[in-house]
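Structure first, commentary second.
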Amino acid sequence: ERVEMMRYEAHDVRRSAVLFGESAVNNMIVTGNTANNALDMLDQGRQGFGFYDTWVQTSLTNVTFINFWDRFQSIYNRDAVIVDLDHSDIYKPWYISATRNLRMEN
């Protein structure tokens with residue numbers, strides 16, 4: 001089954017979304033940090049979108065990432081607009097995910 005997310009917005013989230021199977025995201029806005037953050041969230045890194053591992057096909061189109069800060073606390077706790085979960089680069093299949101028209105605003 002194919003999943004399509006259209007006109008999706010996420011604000012002040014640890015990770016906006018992770019989709020499985022065949023999926024597409026079109027017209028998404030993700031704000032990593034706003035003035036509304038609770039104090040206990042300020043030390044956590046934000047992840048705009050998470051690509052999953054093997055045999056998942058995901059397409060991101062017309063996505064805007066806003067306020068992802070360049071703060072490096074550790075390899076596991078930092079802001080990143082795109083992350084991927086995989087066991088190793090050795091096992092990652094080719095040509096399974098695609099992006100088009102991504103924008104970053106800070």
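- For Ala24, the side chain to side chain contact (heavy atoms under 4.5 Å, CB included) partners at least two apart in sequence or on another chain are Arg2, Glu4, Ser59.
- The closest side-chain heavy-atom distance from Leu102 to Val81 is not below 4.5 Å.
- Atom CG in Leu19 sits 6.0 Å away from atom OG1 in Thr58 (nearest 0.5 Å).
- Closest approach of Ala17 to Met5, counting heavy atoms only: CB-CE, 4.2 Å.
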Can you give the donor-acceptor pairs under 3.5 Å from side chains of residues 61-68 to other protein atoms, not counting sequence neighbours?
{"unit_1": "Asn62", "atom_1": "OD1", "unit_2": "Asn101", "atom_2": "ND2", "d": "2.6"}
{"unit_1": "Asn62", "atom_1": "ND2", "unit_2": "Asn26", "atom_2": "OD1", "d": "3.1"}
{"unit_1": "Thr64", "atom_1": "OG1", "unit_2": "Arg103", "atom_2": "NE", "d": "3.1"}
{"unit_1": "Thr64", "atom_1": "OG1", "unit_2": "Arg103", "atom_2": "NH2", "d": "2.7"}
{"unit_1": "Asn67", "atom_1": "ND2", "unit_2": "Asn33", "atom_2": "O", "d": "3.1"}

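- Taking hydrophobic clusters as Ile, Leu, Val, Met, Phe, Trp and Tyr residues chained together by side-chain heavy-atom distances below 4.5 Å, Ile82 shares a cluster with Met104.
- Going from atom CD of Glu9 over to atom CE of Met28 covers 10.5 Å, rounded to the nearest 0.5 Å.
- Counting heavy atoms from C-beta outward, Thr99 and Phe49 have side chains that stay 4.5 Å or more apart.
- In this structure, Met6 shares a hydrophobic cluster with no other residue, the cluster being traced through Ile, Leu, Val, Met, Phe, Trp and Tyr side chains under 4.5 angstrom apart.
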